[in-house]
Amino acid sequence: SLSVVGIAGPGDPFANPEKTMTTLRLVRKKFPTMILCLASNGLNIGPYIDELKDLNTSHISITVNAVDPEVGASVYSWVRYKNKMYRGQKGARLLFEKQLEAIEKLKSNDIVVKINTIIIPGINTFHIKSIAKKMSELKADILNCIPYSQNKGTPFAEIKEPDKDWLKKIQAEALPFLPQMKH
């Protein structure tokens, strides 16, 4: 039997928050003991955290690929917030500020927070330790270092995927700050 309902991509569940929240409300009403979880980039989740707590959403993953706007600008071409487009460091800074607010509020509501960080060689590999340190300061519960997968037709199409040894090295560097999720 089904015991967990999770909402994740493609895209962010809070790009369409009404459908996301309606789905969670309906699941909770019909299945009062179901474990609810979701994954978000954290940009638009803030206004819904109190209700997520009320719905007894137990686990939320926030994808944080940079804590420095300069690195973030290399990861994200743009950030769209409240129907306005932000580019470069301005967009990366806005995203990170919203992620910080979300993580702090999630933790103040006693919700388990997993940080997903995509390891992108040449872009943020040197930065994972800084992410782990900052997320530890915010009391995140665990860090999931996800190796980047090549996708043709994307801005990072030519970047090679990190191998298992590199991934283990990055996880070891982050481990003093946060437990590491291992698959």
Side-chain angles (χ1 to χ4, degrees), residues 2-69 71-72 75-76 79-82 86 91-120 124 127-146 170-171 174-183:
L2 191 64
S3 61
V4 178
V5 169
I7 299 177
D12 192 89
F14 293 94
N16 191 335
E18 279 313 309
K19 285 188 178 180
T20 297
M21 296 307 294
T22 297
T23 301
L24 292 173
R25 288 180 206 117
L26 291 170
V27 170
R28 178 56 67 226
K29 185 176 180 181
K30 185 151 176 90
F31 304 100
T33 61
M34 185 72 64
I35 296 170
L36 299 178
C37 57
L38 59 87
S40 172
N41 65 16
L43 182 63
N44 294 304
I45 195 174
Y48 305 95
I49 292 173
D50 290 334
E51 186 177 3
L52 290 167
K53 173 66 175 176
D54 292 344
L55 289 168
N56 198 25
T57 308
S58 61
H59 295 71
I60 296 183
S61 298
I62 303 290
T63 300
V64 179
N65 294 321
V67 295
D68 176 320
V71 177
V75 176
Y76 303 102
V79 172
R80 185 179 177 151
Y81 182 68
K82 294 188 176 182
Y86 298 86
R93 186 174 296 108
L94 172 66
L95 175 59
F96 182 58
E97 287 169 3
K98 293 299 175 187
Q99 291 171 330
L100 288 178
E101 291 170 14
I103 294 164
E104 287 173 346
K105 191 168 183 183
L106 289 165
K107 291 312 301 172
S108 72
N109 278 288
D110 297 321
I111 295 173
V112 174
V113 175
K114 177 180 74 161
I115 303 300
N116 288 331
T117 298
I118 301 167
I119 300 168
I120 310 166
N124 71 349
H127 191 59
I128 306 302
K129 187 174 173 181
S130 298
I131 294 169
K133 183 176 187 294
K134 184 62 181 179
M135 296 303 108
S136 173
E137 291 167 5
L138 295 173
K139 310 271 188 273
D141 296 281
I142 192 166
L143 178 64
N144 183 20
C145 292
I146 303 168
I170 288 169
Q171 289 173 325
L175 184 59
F177 302 101
L178 278 175
Q180 299 296 296
M181 186 166 185
K182 306 260 175 124
H183 300 283

- Please lay out, stage by stage, how M135 and F177 fare under the test side chain to side chain contact (heavy atoms under 4.5 Å, CB included). CA-CA 8 Å; M135 296 303 108; F177 302 101; over 6 Å; no
Are any non-hydrogen side-chain atoms of [X] and [Y] less than 4.5 angstrom apart?
X    : Y    : value
K114 : D141 : no
L52  : L38  : yes
D110 : K53  : yes
N109 : D50  : yes
M21  : L24  : yes

State, to 0.1 Å, how close [X] and [Y] come at their nearest heavy-atom pair, and which atoms those are.
X    : Y    : result
A8   : A39  : CB-CB, 4.0 Å
I49  : A102 : CD1-O, 3.6 Å
C37  : V4   : SG-CG1, 3.8 Å
K134 : L100 : CE-CD2, 3.8 Å

- Message: Consider side chain to side chain contact (heavy atoms under 4.5 Å, CB included). Of M34, R28, K29, which one does F31 pass it with?
- Response: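 Of the listed residues M34, R28, K29, the side chain to side chain contact (heavy atoms under 4.5 Å, CB included) partner of F31 is M34.
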So, does [X] use its side chain to make a donor-acceptor pair with the main chain of [Y] at under 3.5 Å?
X    : Y    : answer
T20  : N16  : yes
S40  : I45  : no
D12  : F14  : yes
S108 : K105 : yes
N65  : I118 : yes
Q99  : T63  : yes
N124 : A66  : no

Interatomic distance, [X] atom [atom1] to [Y] atom [atom2] [nearest 0.5 angstrom]:
X    : Y    : atom1 : atom2 : answer
L178 : E137 : CG    : CD    : 10.0 Å
E18  : T23  : CD    : OG1   : 10.5 Å
I35  : N56  : CD1   : CG    : 9.5 Å
L143 : K133 : CG    : NZ    : 14.5 Å
I62  : N116 : CD1   : CG    : 9.0 Å
Q171 : Q180 : CD    : CD    : 5.5 Å

- Can you list the steps and then say if I103 with V64 is a side chain to side chain contact (heavy atoms under 4.5 Å, CB included)? CA-CA 10 Å; I103 294 164; V64 179; 4.3 Å; yes
- Please walk me through it: do I128 and C145 pass side chain to side chain contact (heavy atoms under 4.5 Å, CB included)? CA-CA 8 Å; I128 306 302; C145 292; 3.9 Å; yes
- Got a sec: does the NZ of K107 have more than 12 other heavy atoms crowding it under 6.0 Å?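 Atom NZ in K107 is packed in, count exceeds 12.
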- Stepwise side chain to side chain contact (heavy atoms under 4.5 Å, CB included) test for I115 and L138: CA-CA 11 Å; I115 303 300; L138 295 173; over 6 Å; no
- Task: Please step through salt bridge (Lys or Arg N to Asp or Glu O under 4.0 Å) for the pair E97 and R93, ending with a clear verdict.
- Result: CA-CA 6 Å; E97 287 169 3; R93 186 174 296 108; 5.0 Å; no
- Taking only residues two or more places apart in sequence, or in another chain, which ones meet Y76 in a ring-ring contact (aromatic ring centres under 6.0 Å, His included)?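 In terms of ring-ring contact (aromatic ring centres under 6.0 Å, His included), with neighbours along the sequence ignored, Y76 is linked to no residue.
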